[in-house]
Amino acid sequence: MILDIKQYVSEKIKNALRSLGIHEPAVILERPKDPLHGDISCNAAMMYAKKLGRNPKEFAQSILEQLALPDEFITKASIAGPGFINLFIADKYYTEKLTEINELKGNFGRLNDNSGKTADIEWVSANPTGELHTGHGRQTALGKAIANLLEWTGYKVTREYYYNNAGKQMENLAKSVYARYRQLFEPDYPFPEDGYAGDYVKEIAAILAKEHDDKLIDADDKIFREAGENWCFKSIRHTLDSFGIHHDIFFNESTLYETGKITETLEEFKKRGLSYEKDGAIWLKTSELLKNKKDAADKVIVKATGEPTYRLPDMAYHIDKLKRGYDLIIDIFGADHGDTYKEVLAGIEGLGYDSSKIKVIIHQMVTFVQDGKPVKMSKRADNVYTLDDLIEDIGADVTQFFFVMRSANTHLEFDIALAREQSDKNPVFYLQYAHARICSILRNAAEIFPDYSSAGSINYSLLDTPEAISLIKVLVLFPETVAAAAATLEPHKIITYLNEAAENYHRFYHNNRVIDAEAKELSFARLKLCEAARIVLKNGFDIIGISAPERM
RNA sequence: GCGCCCAUAGCUCAAUCGGAUAGAGCGACAGCCUUCUAAGCUGUAGGUUUCAGGUUCGAUUCCUGAUGGGCGUACCA
């Protein structure tokens, strides 16, 4: 018996509504918060009673009569509150679901809602002008989890990094490297006022000095730019690597120039009368293109110097991504980019492209706190606390978890002291501990019951304690949790769910002795439940991007 | 000024498409280890969901306004 209980119930209620005169009934099913309200509740009576001029509770009764309960899967039904229909599902349904979990293992929770579709997610995309710092952490972690989440719903996912090694910022890096290099020979040589102050620039300069001594003092900017770029990019990739992130594509902005896509886009704007010249620059009529026209000013897309501003290549880039034919395109930015992406989307829409496939995730800023006080971890200071430092300090799992545990559109307070804590206070360990605990039991079981792994049929009906039933009910919800999290691109929903799963497991463990040499049949059933719990936790960890330790 | 985001327990945050008695963790207090991992479990205390209206059978959720905070408002990205 493998069936989707929600679909079963939904169809049944729809039929009941049809026979009561509702032509195209929409049925919304929910899981009540209170277990006393059953396993599934339906608000159809309240939704339709008014249209029919009937009392909701009385109408609920009519629906109930049409349902002909109890049946094989629904053991009990009741009407409660203002007119909810509450249904109680047979334990048998849940216990047999365990078989499904244990068979699917690492695939339990994988959906095929989007199989055959492709998605592209572009994130991090920091310019190679420095190391990744803690401010990059949130989007780095979010992108990692969201990419996983999309894969779990069936998408074939391309992970992409937009790489910009041209422009003013890079020149600035070149000048900064040059100044540091020259200072090695002339300590009084001035450092550019807005140069990159980080120590890493000195490190780059030192490498150049070691290789070339002072022979580069009159050398072209290019050599300093390249040295800087290479060093920074290597550093960024190293950080991503230690975070377990691997991009499939590093899309170099310069290719947009080389292939003529920038000029092409610009010409198209001109042709459509969406741009004009003023003060030597080319302006885009963003005030007309933006949907929210209030106070929207036109923006420069080509500076008086002839160089495009970031907007133009960004638009050409998104057009390129659209043309690649993905079903879904995701960008992740911090709140400081909140306005600019709208200009980019408005621009490409102005050129006739459909931007509805592009979903932009804007996450709010992160404050690092220690002992209740904000801690500065900015890039401006000479001694920078990098993302690498953070990972080294608290570990990749904790870093990933803390950045992903809150909804992206709310400000994140990152408690660095709590994150450092290798104890029960740390919410990551609560989850991982549950996993390690299960692994330990399974190891013990292998010794005590050598025949467990080859056991034939399992008597799941022995899983009849409230804790066991409650745990199973939570485990069964994993696939729909994945669907819900993916639908809104919110991986924190997985964490909220995993907390509930872990909590239920710990309670089960505490009240139900798993291994009992005197009660083999019961032990086997409970071990199967443990395995299922382990699978769900592990799969959830895979999505949010943390490890599943077997020992702690 | 204008735009976007946010406001929920002492603190950090959840809350299913608008659902029933708003939930966790931390902190506080009180219990549970001669049994499979106590990084665990159990209990107590803690709320006018910032405020004022509106829509609805029903609002933390949607709408309007106010207040407070974050981020933008570049010929930087």
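Here is how names work: the chains are called A, B, and so on, in the same order as the sequence lines, proteins then strands, and each is numbered from 1. Bear in mind the structure is a predicted one, so any value in this text is a computation, not a measurement.
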Whole angstroms only, please: what is the [atom1]-[atom2] distance between [X] and [N]?
X: A:Glu343; N: B:U73; atom1: CD; atom2: P; answer: 9 Å
X: A:Met365; N: B:G72; atom1: CE; atom2: C1'; answer: 9 Å
X: A:Asp415; N: B:G10; atom1: CG; atom2: C1'; answer: 15 Å

Side chain of [X] - closest among [options]:
X: A:Arg507; options: B:U37, B:C76, B:U42; value: B:U42
X: A:Tyr509; options: B:A38, B:C26, B:G72; value: B:A38
X: A:Met552; options: B:A39, B:A38, B:G40; value: B:A39
X: A:Asn409; options: B:C76, B:G40, B:C6; value: B:C6
X: A:Lys299; options: B:U37, B:C76, B:A74; value: B:A74
X: A:His506; options: B:C75, B:A77, B:C41; value: B:C41

Side chains of A:Gln169 and A:Asn127: any donor to acceptor distance under 3.5 Å?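 Distance-only check fails for A:Asn127 and A:Gln169.
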Side-chain donor-acceptor contact under 3.5 Å, A:His337 with A:Asp331: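 Per modelled atom types, A:His337 and A:Asp331 side chains form no pair under 3.5 Å.
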To the nearest 0.5 Å, how far apart are OG in A:Ser523 and NZ in A:Lys528?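 The NZ atom of A:Lys528 is 13.0 Å from OG of A:Ser523, to the nearest 0.5 Å.
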Are more than 12 heavy atoms from other residues, nucleotides or ligands located less than 6.0 Å from atom NZ of A:Lys303?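 Yes - once you tally the heavy atoms of other residues, nucleotides and ligands closer than 6.0 Å, there are more than 12.
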Does A:Arg437 make a cation-pi contact with A:Tyr505, if we ask for NZ or CZ under 6.0 Å from the ring centre and within 45° of the axis?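 No; the conditions do not both hold, so A:Arg437 does not lie above the ring face of A:Tyr505.
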Encoded 5' to 3' (Watson-Crick or G-U under 3.5 Å; [ ] crossing; | other strand), RNA chain B becomes (((((((..((((.....[...)))).(((((.......))))).....(((((..]....))))))))))))....
Taking only heavy atoms on the protein side, list every residue of residues 432-448 of chain A lying under 4.0 Å from any atom of RNA chain B, sorted numerically.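 Those residues are A:Tyr433, A:Ala436, A:Arg437, A:Ser440, A:Ile441, A:Arg443, A:Asn444.
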Report the relative orientation of the aromatic rings in [X] and [Y]; use parallel for angles under 30°, tilted for 30 to 60°, perpendicular for over 60°.
X: A:Phe251; Y: A:Tyr317; value: tilted
X: A:Phe368; Y: A:Phe414; value: tilted
X: A:Phe524; Y: A:Phe449; value: perpendicular

Which pair of heavy atoms, one from A:Leu87 and one from A:Ala77, lies closest together, and at what distance?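 Here A:Leu87 and A:Ala77 meet closest at CD2-CB, 3.6 Å.
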Closest-nucleotide ordering on RNA chain B, the 5'-leading residue of A:Ser423 and A:Leu418: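 This one resolves to A:Leu418.
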Upstream residue (5' side of RNA chain B) when A:Asp424 and A:Arg513 are each assigned their closest nucleotide: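 Taking each residue's closest nucleotide, the earlier one in sequence belongs to A:Arg513.
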Using a cut-off of 4.0 Å on non-hydrogen atoms, how would the nucleic acid contact of [X] be classed: base, sugar-phosphate, or nothing?
X: A:Glu550; value: base
X: A:Asp279; value: base
X: A:Ala281; value: base
X: A:Phe429; value: base

Tell me which one of A:Asp320, A:Leu345, A:Leu284 satisfies side-chain contact (heavy atoms from CB on, under 4.5 Å) with A:Met315.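 One option only clears the test, and that one is A:Leu284.
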Give a yes or no on whether a salt bridge exists between A:Lys321 and A:Glu160, defined as a side-chain N under 4.0 angstrom from a carboxylate O.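 No, this pair does not count.
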Establish, with yes or no, whether the OP1 or OP2 oxygen of [N] is under 4.0 angstrom from a side-chain nitrogen or oxygen of [X].
X: A:Lys303; N: B:A74; result: no
X: A:Lys168; N: B:C76; result: yes
X: A:Tyr48; N: B:C57; result: no

Treating primed atoms plus P, OP1 and OP2 as sugar-phosphate and everything else as base, which nucleotides of nucleotides 11-21 of chain B get B, S or - for protein heavy atoms under 4.0 Å? -BSSSBB-BB-
